[in-house]
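One-based numbering, in listed order, for ligands and for the atoms of each.
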Amino acid sequence: MAKSVAILGTQWGDEGKGKIVDLLSERVDAVVRFQGGHNAGHTLVIEGEKTVLHLIPSGILQPNVECMIGNGVVLSLSALKTEIDGLQERGVDAVERLKISAACPIIMTYHELIDHVREKARGSRAIGTTGRGIGPAYEDKVSRRGIRFADLLHPQRLESKLDEILDYHNFVLEKYYQVEPLNPSMVLDDALQLGACFSHMLADISGRLHQLRDAGKNILFEGAQGSWLDIDHGTYPFVTSSNTTIGGVCTGAGVGIDAVDYVLGITKAYTTRVGSGPFPTELFDQDGERMAQRGAEVGATTGRDRRCGWLDAVATARMIKVNGVSGLCVTKLDVLDGFAELKICTAYKLNGQLINQVPVDAESWGQLEPVYEVLPGWSEDTRGITDLQQLPDNAQSYLQAISMLCGAPIHMVSTGPERSENIVLQFPFD
Ligand code: GDP
Ligand code: IMO
Ligand code: MG
């Protein structure tokens, strides 16, 4: 039976979604991005060769897979061009198989500029965004003044929309942020030029997905960022500007809830976060440094060091419920090799009270003190193991504890960055 699978990160991003999307793409006809933009950095390693994708779906390295960018994605055409050129240079066709929704809001040069000047103005209260213009582009979408992909193919329509938008943004840039305003005709020319380069990719993604579904084809929905970066359910305001949780699939691709048969939650065996914001289990000691070093925890998009800490089962359990996760893929288990003991957060203390749920009010997040269950570590090397029984007993017990404390079955385990380094207990498509 055909199946559609959604792959979502259950933490603060960088859980290893790209690797798993690439692996499962072998079994699908289409891979769809439905939210976020080129703030994402999804890393694929195939026989030692590393590919980092930001905007193009991680199915692109599997031949014959249709790759789609849904209406929920904010689209930077210059970033897309750079990414396509990089793939084409390596002999990967990223032109014929890529289709983009006509309704995608475009990230314009002014969005990136606003992102930068606003973060600078916030000083110590900065969100720590990726500086890609993501938030400002979503703001224009919601305020109904955004430029959509289809607009780029109609010069007069675009010119009149841009006149109005730039009138507003240039006023804010000049008067409020005190930076140089943008030249409308330069913005227009750039946008028209880039739009023309990609006009052949314009498509009705929602309609195409319905066709594929009706024809009994398998589809993969590729989440970007992590659930705790969700604009509604995350650690607001330290979040991204899209719905990274399950609802984003329907609104960002144009499918019904019946189009998702299985939700694979990607959970790192510990936790990382890039940028500002609360992180109750964050470590500032040698254990955190060891995770960062063994896990090579450097942001795939911005090159910033990722903050590291223990697995938070309370936070993860919440996101398993929010997303209706069917099964988990626990990634980077091998990074924990050699730790004498491991900790999993099972509750918090807030104002002296023990709580076993996340706080309702996002501001309280910063005051949480984690309460841990301590488990024994293992000294053996687990890198590349593909059979659960080959894992040290303590690694198996650690996985069992994650499943029990987070409240979901583990269907896959990733034991290295390579496409082949996995333990598969149940394929989502079986
Ligand atoms: P994404 O944003 O969720 O796709 O994750 P990223 O690609 O940003 O970050 C995950 C990083 O961990 C990448 O460098 C991957 O190559 C790497 N990785 C993924 N799975 C594993 C694993 O099981 N073990 C190790 N050691 N590295 C992994
Ligand atoms: P992937 O798909 C980790 C974080 C930024 C910042 C916040 C808002 O690789 O998991 P934005 O530029 O989106 O307005 O920044 O969100 N962030 C990510 N962190 N992985 C990502 O994507 C991220 N995309 C955005 O660091 O804290
Ligand atoms: Mg990433």
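- Judged by distance alone, the side chains of S414 and K332 never bring a donor and an acceptor atom under 3.5 Å apart.
- Put simply, the side chain of I69 reaches to within 4.5 Å of the side chain of C104, judged on heavy atoms.
- The closest side-chain donor-acceptor pair between R132 and T130, if any, does not fall under 3.5 angstrom.
- Using a 4.0 Å cut-off between a side-chain N of Lys or Arg and a carboxylate O of Asp or Glu, K268 and D14 do not qualify as a salt bridge.
- The shortest N or O to N or O distance between N39 and ligand 2 is under 3.5 Å.
- Under the 4.5 Å side-chain criterion, counting only non-hydrogen atoms from C-beta, V239 is not in contact with D230.
- In terms of N/O distances under 3.5 Å, ligand 1 is approached by G16.
- Taking any N or O of R132, backbone or side chain, none lies under 3.5 Å from an N or O belonging to ligand 2.
- Atoms of ligand 1 found under 4.0 Å from any heavy atom of H42 (numbered from 1 in listed order, with element): 1 (P), 2 (O), 4 (O), 7 (O).
- Using a 4.0 Å heavy-atom cutoff, G41 is listed among the residues neighbouring ligand 2.
- Looking only at heavy atoms of the protein, atom 12 (O) of ligand 1 is closest to K332 NZ, 2.9 Å.
- The protein heavy-atom contact nearest to atom 5 (C) of ligand 2 is G128 O, 3.6 Å.
- Under 3.5 Å, the side chains of T267 and T316 contain no donor-acceptor pair of N or O atoms.
- In D334, the part holding a heavy atom less than 4.0 Å from any atom of ligand 1 is the side chain.
- Comparing heavy-atom distances from atom 17 (N) of ligand 2 across V274, T240, L229, T272 singles out L229 as nearest.
- For atom 8 (O) of ligand 1, the nearest protein heavy atom (residue, atom name, distance) is G41 O, 2.8 Å.
- Of all the atoms in ligand 2, the ones that sit under 4.0 Å from a non-hydrogen atom of I127 are 27 (O).
- Atom 15 (O) of ligand 2 has as its closest protein heavy atom T129 CA, 3.3 Å.
- Protein heavy atom in closest approach to atom 12 (O) of ligand 2: T130 OG1, 2.6 Å.
- Annotation: atom 25 (C) of ligand 2 to nearest protein heavy atom, Q225 CG, 3.7 Å.
- Here K19 has side-chain heavy atoms under 4.0 Å from ligand 1, and that is the only part of it that gets that close.
- The distance from the OG1 atom of T129 to the NE2 atom of H116 is 7.0 Å, given to the nearest 0.5 Å.
- Backbone and side-chain nitrogen or oxygen atoms of R294 are examined, and none is located within less than 3.5 angstrom of a nitrogen or oxygen of ligand 1.
- Using a 4.0 Å cutoff on heavy atoms, E222 does not count as a contact of ligand 1.
- A side-chain N or O of H169 and one of D140 form a donor-acceptor pair less than 3.5 Å apart.
- Look at G13 and the Mg ion (ligand 3): no N/O/S atom of the residue is under 2.8 Å from the metal.
- Looking at G18 next to ligand 1, an N or O pair under 3.5 Å apart turns up.
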Going through the checks in order, is the side chain to side chain donor-acceptor pair (under 3.5 Å) test met by S242 and Q35?
CA-CA 6 Å; S242 65; Q35 48 68 232; 3.0 Å; yes
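- Listed by number with element, the atoms of ligand 1 under 4.0 Å from a non-hydrogen atom of V335 are 26 (N).
- Under a cutoff of 6.0 Å and an axis angle of 45°, K3 and F429 do not form a cation-pi pair.
- Between A40 and ligand 2, no pair of N/O atoms sits closer than 3.5 Å.
- The CD1 atom of I410 sits 12.0 Å away from atom CE of M412, with the distance rounded to the nearest 0.5 Å.
- To the nearest 0.5 angstrom, T415 atom OG1 is 11.5 Å from Q390 atom CD.
- Distances between N or O atoms of G416 and those of ligand 1 include at least one value under 3.5 Å.
- Remark: the Q225 side chain and the T244 side chain contain no N/O donor-acceptor pair separated by less than 3.5 Å.
- In terms of protein heavy-atom proximity, atom 23 (O) of ligand 1 is closest to S414 OG, 2.5 Å.
- Counting heavy atoms from C-beta on, the side chains of L202 and K99 never come closer than 4.5 Å.
- Residue E15 places no N or O, backbone or side chain, under 3.5 Å from any N or O of ligand 2.
- Among all protein heavy atoms, the one lying closest to atom 7 (C) of ligand 2 is V239 O, 3.9 Å.
- Taking every non-hydrogen atom of G275 and a distance limit under 4.0 Å, the qualifying atoms of ligand 2 come out as 27 (O).
- Nearest non-hydrogen protein atom to atom 16 (O) of ligand 1 is P417 CB, 3.5 Å.
- Within the 4.0 Å heavy-atom cutoff, W12 counts among the residues contacting ligand 2.
- A donor-acceptor contact under 3.5 angstrom links the side chains of S227 and N323, judged on distance only.
- In this structure, G13 has no heavy atom closer than 4.0 Å to ligand 1.
- Only the side chain of K17 comes within 4.0 Å of ligand 2, judged by heavy-atom distances.
- Residue contacts with ligand 1 for R306 involve side-chain atoms from C-beta outward but no N, CA, C or O (heavy atoms, distance under 4.0 Å).
- Of all N/O/S atoms in D14, OD1 sits nearest the Mg ion (ligand 3).
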If you apply the rule side chain to side chain donor-acceptor pair (under 3.5 Å), what do you find for R213 with S4, and how did you get there?
CA-CA 8 Å; R213 203 59 193 153; S4 292; 3.0 Å; yes
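- At the shortest separation from atom 20 (N) of ligand 2 among protein heavy atoms lies D14 OD1, 3.2 Å.
- Residues T331 and E15 have side chains that never bring a donor and an acceptor to within less than 3.5 angstrom of each other.
- With no hydrogens or angles considered, no side-chain donor-acceptor pair links H111 and Y138 at under 3.5 Å.
- Counting only heavy atoms of the protein, atom 26 (O) of ligand 2 lies nearest to R304 NH2, 2.9 Å.
- Closest protein heavy atom to atom 15 (C) of ligand 1: T43 CB, 4.0 Å.
- Taking distance alone, with nitrogen or oxygen atoms compared against 3.5 Å, H42 approaches ligand 2 more closely than that limit.
- Against a heavy-atom cut-off of under 4.0 Å, A224 is close to the following atoms of ligand 2: 2 (O).
- Residues R307 and E297 are not paired through a salt bridge, judged by the lack of any N-O separation under 4.0 Å between the basic side chain and the carboxylate.
- Between W12 and F279, the ring planes are tilted. Angles from 30° to 60° get that label.
- Residues Y348 and D312 bring a donor and an acceptor atom of their side chains to less than 3.5 Å of each other.
- The backbone of T415, and not its side chain, has at least one atom closer than 4.0 Å to an atom of ligand 1 (non-hydrogen atoms only; backbone = N, CA, C, O).
- For the residue pair S364 and D361, a side-chain donor N or O sits within less than 3.5 Å of a side-chain acceptor on the partner.
- Of the candidates L8, D14, L44, the one placing a heavy atom closest to atom 10 (C) of ligand 1 is D14.
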